[in-house]
Amino acid sequence: MAATGFSADPLVPRMRPFGTTIFSEMSALAVSTGAVNLGQGFPDTDGPPEMLAAAAEALRSGQNQYPPGIGIPVLRAAVAAAQRRFWGLDYDPDSEVLVTAGATEAIAAAMLALCDAGDEVVCFEPYYDSYAATVALAGAVRRPVTLRPTADGRYGFDPDELRAAFGPRTRLVLLNSPHNPTGKVFTADELTLIAQLCHEHDTYAVTDEVYEHLVFTDASTPHVPLATLPGMWERTLRISSAGKTFSCTGWKIGWASGPAALISAVLRVKQYLTYVNGAPLQPAVAVALGLDDRYFAELRAGLQDARDRLSGGLRSAGLRVLPSEGTYFVTADISATAAEEDGVEFCRSLPHRCGVVAVPSQVFYDDRDAGRRLVRFAFCKRPEVLDEAVRRLATLEAI
Ligand code: PMP
Ligand code: GLN
């Protein structure tokens, strides 16, 4: 046959290492086996009724065409107000806030806008899966620093490893706190070192704070946005999203906040990715951001109960549970109980063995060995669903 010029795999080489996301794989496995899905992190209840009513009203009142590329003014004002209210951070809603298609698009647009081929991105592993993929899309190189459980089970990192990850090609540090999948909240000392390195190497910081409101009362540290540290506002692009805070992960309304020059750069890219998104959902998220403190406290308290309910069940099933200080997730170490080689094998067999789906943490590491025996369970589910999962997990040892 004559050469066509097409290779067997049309995918560009830099994206070939990225297969189907673990979330899609495990959610499909949950559906096909009828297992309780504690893999992909999404709540099984709806968000605040005021928000849902506002979305329905917007749909019916003609807010169904392209919104402004930067986001509707009401939502940008609400995002700015919420950041002042919760974190004491000041952003001009007209030039320093950008609405995106979830935090996912903000992360992708930030990597494509800020990184050139060969630039380096310092991040912590385990990392959210889109980090590696979007850094690769930009032709940049990731420099992961490994988070490891310390003596008390909390995750920490070696400061020298972090220092060594920064170099002349470092463009930015991509920091997720509160952290998925570990449930770690970065401490003031850790943030101070990160900030110091950003100053020394004159880099940007992109912070993924989608779990900013989900830190539990027994956490060893409160959540501190990196942008609040001295001199960091000027170099930080802060990303968040409505999905986790308002239990609407399918809406994909996120935002980025930062100095006008950074926002303008990210907007330049965003306009060619999705252009705009979620017209009738934007005013609804603005309503949600204005809810009183009780909403946020109750959300946190409910998730903390859920964490305890599931963690207790995992312990009873013989797994070692690492402390989770925030987010939707808790990690279990399967070393003591599992016969399987690693977490991937364990998670592939778990639905067949006891009807529960979880996610193997090792897929979030470059250093696969560091996460080989760690498995992530999502607890953002109704109490009765978690109780059923716990009942099923209790049969694990017997098999
Ligand atoms: N970052 C982290 C750490 C996440 O866990 C998620 C998943 N929600 C996202 C980003 C993506 O957020 P969104 O659904 O708003 O795109
Ligand atoms: N953020 C969610 C999680 O970590 C799911 C995101 C996704 O499916 N891409 O489970």
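Indexing begins at 1, ligand by ligand and atom by atom, following the structure's order. What you are looking at is a predicted structure, and each value in this text was computed from that prediction instead of being measured.
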Engineer: For Gly41 and ligand 2, does the shortest N/O to N/O distance drop below 3.5 Å?
Structural biologist: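 Among all N and O atoms of Gly41, at least one is under 3.5 Å from an N or O of ligand 2.
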Engineer: Report, in ascending order of atom number, the atoms of ligand 1 lying under 4.0 Å from any heavy atom of Asn180.
Structural biologist: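 Reading through ligand 1 atom by atom, the close ones are 3 (C), 4 (C), 5 (O).
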Engineer: Checking the side chain of Gln83 only, and the main-chain atoms of Leu89 only, is there a donor and an acceptor separated by less than 3.5 Å?
Structural biologist: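 Answer holds: no.
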Engineer: Starting from atom 15 (O) of ligand 1, find the nearest protein heavy-atom neighbour and note its residue, name and distance.
Structural biologist: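 The closest heavy atom on the protein side is Ser241 OG, 2.6 Å.
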Engineer: Does the separation of the ring centres of Phe86 and Phe296 fall below 6.0 angstrom?
Structural biologist: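 Judged by ring-centre distance (under 6.0 Å), Phe86 and Phe296 do meet the cut-off.
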Engineer: Please test Val121 against Val141 for side-chain contact (heavy atoms from CB on, under 4.5 Å), starting from the C-alpha separation and ending with a verdict.
Structural biologist: CA-CA 6 Å; Val121 172; Val141 179; over 6 Å; no
Engineer: One residue to check: Arg376. Relative to ligand 2, which of side chain, backbone, both or neither has a non-hydrogen atom less than 4.0 Å away?
Structural biologist: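 Near ligand 2, Arg376 shows its side chain, while the N, CA, C and O stay back.
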Engineer: Under 4.0 Å from ligand 1, counting heavy atoms only, is it the side chain of Val210, its backbone, both or neither?
Structural biologist: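 Side chain only; the backbone of Val210 stays clear of ligand 1.
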Engineer: With rounding to the nearest 0.5 angstrom, report the CG to CG distance, Leu281 to Leu59.
Structural biologist: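 Going from the CG atom of Leu281 to the CG atom of Leu59 covers 7.0 Å.
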Engineer: Considering heavy atoms of the protein only, find what lies nearest to atom 2 (C) of ligand 1 and give residue, atom and distance to 0.1 Å.
Structural biologist: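 Answer, as residue, atom name and distance: Asp208 OD2, 3.3 Å.
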Engineer: One pair to check against side-chain contact (heavy atoms from CB on, under 4.5 Å): Tyr131 and Asn176. What are the steps and the verdict?
Structural biologist: CA-CA 10 Å; Tyr131 295 4; Asn176 171 216; 3.1 Å; yes
Engineer: So, does Tyr328 sit close enough to ligand 2 that a heavy atom of it is under 4.0 Å from the ligand?
Structural biologist: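 Tyr328: no contact with ligand 2 (<4.0 Å).
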Engineer: Does the pair Asp366/Arg142 count as a salt bridge with the N-to-O cut at 4.0 Å?
Structural biologist: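 Looking at Asp366 and Arg142, the cut-off is met.
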Engineer: With backbone taken as N, CA, C and O and side chain as the heavy atoms from C-beta onward, which portion of Asn180 lies under 4.0 Å from ligand 2: side chain, backbone, both, or neither?
Structural biologist: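 Under 4.0 Å from ligand 2, Asn180 contributes side-chain atoms alone.
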Engineer: Taking both backbone and side-chain atoms of Tyr131, is any N or O found less than 3.5 Å from an N or O belonging to ligand 1?
Structural biologist: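 No, Tyr131 has no N/O under 3.5 Å of an N/O on ligand 1.
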Engineer: Decide whether an N or O pair under 3.5 Å exists between Asn176 and ligand 1.
Structural biologist: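 Checking ligand 1 against Asn176, no N or O pair falls under 3.5 Å apart.
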Engineer: Does atom CZ (Arg268) have a neighbourhood of more than 12 heavy atoms from anything else shown, all under 6.0 Å?
Structural biologist: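 Open.
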Engineer: Applying a heavy-atom cut-off of 4.0 Å, say which part of Lys252 lies close to ligand 1: side chain, backbone, both or neither.
Structural biologist: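 The side chain, only.
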Engineer: What protein heavy atom sits nearest atom 9 (N) of ligand 2, and how far away is it?
Structural biologist: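 Of the protein heavy atoms, Tyr128 OH, 3.3 Å lies nearest.
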Engineer: Between Ala103 and ligand 1, find which residue part has any heavy-atom pair under 4.0 Å and reply side chain, backbone, both or neither.
Structural biologist: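 Both parts.
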Engineer: When you look for heavy atoms under 4.0 Å from ligand 1, do you find them on the side chain of His179, its backbone, both, or neither?
Structural biologist: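 No part of His179 is near ligand 1 at this cut-off.
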Engineer: State the atoms of ligand 2, each with its element, that fall below the 4.0 Å cut-off from a heavy-atom position in Gln40.
Structural biologist: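 Counting atoms of ligand 2 from 1, those under 4.0 Å from Gln40 are 5 (C), 7 (C), 8 (O), 10 (O).
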Engineer: Has Arg320 got more than 12 heavy atoms of other residues, nucleotides or ligands less than 6.0 Å from its CZ?
Structural biologist: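 Not buried by this count: 12 neighbours or fewer within 6.0 Å.
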Engineer: Considering heavy atoms of the protein only, find what lies nearest to atom 7 (C) of ligand 2 and give residue, atom and distance to 0.1 Å.
Structural biologist: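 The answer is Phe23 CD1, 3.4 Å.
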Engineer: If you have a sec, work out which protein heavy atom is nearest atom 11 (C) of ligand 1 and how many Å separate them, to one decimal?
Structural biologist: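 I find the closest protein heavy atom is Thr104 OG1, 3.2 Å.
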Engineer: Please report which non-hydrogen protein atom sits nearest to atom 7 (C) of ligand 1, along with the residue it belongs to and the distance in Å to one decimal place.
Structural biologist: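 It is Lys244 NZ, 2.8 Å.
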Engineer: Check this for me - ligand 1, Tyr128, N or O atoms closer than 3.5 angstrom, yes or no?
Structural biologist: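 No - when backbone and side-chain N and O of Tyr128 are compared with those of ligand 1, no distance drops under 3.5 Å.
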Engineer: Going by the atom numbers of ligand 2, which of them fall below 4.0 Å from some non-hydrogen atom of Lys244?
Structural biologist: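 So the answer, numbered in order with elements, is 1 (N), 2 (C).
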Engineer: Without swapping roles, check the side chain of Asp208 against the backbone of Val210 for a donor-acceptor pair under 3.5 Å.
Structural biologist: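 Yes, because the side chain of Asp208 sits within donor-acceptor range (under 3.5 Å) of the backbone of Val210.
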Engineer: Check this for me: Gln65, atom CD, are more than 12 non-hydrogen atoms of other residues, nucleotides or ligands nearer than 6.0 Å?
Structural biologist: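 Incorrect, the count does not exceed 12.
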Engineer: With a 6.0 Å cut-off on the ring centroids, do Tyr91 and Trp233 count as close?
Structural biologist: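 Under 6.0 Å, so yes.
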Engineer: I'd like to check whether Tyr211 has a polar contact with ligand 1, where a contact means an N/O of the residue lying under 3.5 Å from an N/O of the ligand.
Structural biologist: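 N/O-N/O distance below 3.5 Å exists for this pair.
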Engineer: Counting heavy atoms not belonging to Tyr275, are there more than 12 under 6.0 Å from its OH?
Structural biologist: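 At most 12 heavy atoms, drawn from other residues, nucleotides or ligands, come within 6.0 Å of this atom.
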Engineer: State whether the number of non-hydrogen atoms from other residues, nucleotides or ligands found under 6.0 Å of Tyr204 atom OH is greater than 12.
Structural biologist: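 Incorrect, the count does not exceed 12.
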